[in-house]
Amino acid sequence: MGKVRRTRKPAPDGWELIEPTLEELDGKMREAETENHEGKRKVESLWPIFKIHHQRSRYIFDLYYKRKAISKELLDFCLKENIADKNLMAKWKKQGYENLCCLRCIQTRDTNFGTNCICRVPKDKLEEGKIVECVHCGCRGCSG
Ligand SMILES: [Zn+2]
Ligand SMILES: [Zn+2]
């Protein structure tokens, strides 16, 4: 039995096509969680986890909305099983949020400045040569 799924309900058609990729990401997630974090800042050790979370939702998002390769039923199944992040995917449909890295980065109360995270600042509005590295998830810029 696959480790990705959290319930035993039968999966909709097409599941067998996406399962290998999801299992692979799941394996990476477990690796990231158990990795030795010595010498790293605490926030940094969470970055790979955010990244994989993002990848998994993006995979499902592209399959459904861009490639139209999976059914609505399978999409709904993935949302219900928390394989893909419903809230994050809802943002990706909005203009300017197509590449949003994670939901925390648009929660203004989490930043020091009461604004969006630095990674949400458009490149042309940043000081020249400034390197963006978001503290939440390690994002290098995801606006536009
Ligand atoms: Zn970002
Ligand atoms: Zn950010």
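If you're wondering where the values come from, they're calculated on a predicted model, not measured in any experiment. Reckoned from all heavy atoms, side chains included, excluding hydrogens, waters and symmetry mates. First listed ligand is number 1; within each ligand, the first listed atom is number 1.
Excluding waters, the set of protein N/O/S atoms under 2.8 Å from the Zn ion (ligand 1) reads Cys101 SG, Cys119 SG, Cys139 SG, Cys142 SG.
Residues Met89 and Leu75 meet the side-chain proximity criterion, which asks for heavy atoms closer than 4.5 Å. Counting heavy atoms from C-beta on, the side chains of Glu133 and Ile118 never come closer than 4.5 Å.
Taking a cutoff of 4.0 Å between a charged side-chain nitrogen and a carboxylate oxygen, Asp26 and Arg56 qualify as a salt bridge.
Side-chain atoms of Glu38 never come within 3.5 Å of backbone atoms of Asn36 as a donor-acceptor pair (strictly under, hydrogens ignored).
Note: Asp85 CG to Ile60 CD1 = 12.0 Å, rounded to the nearest 0.5 Å.
Checked against the 6.0 Å centroid threshold, Tyr97 and Trp92 do not count as a close aromatic pair.
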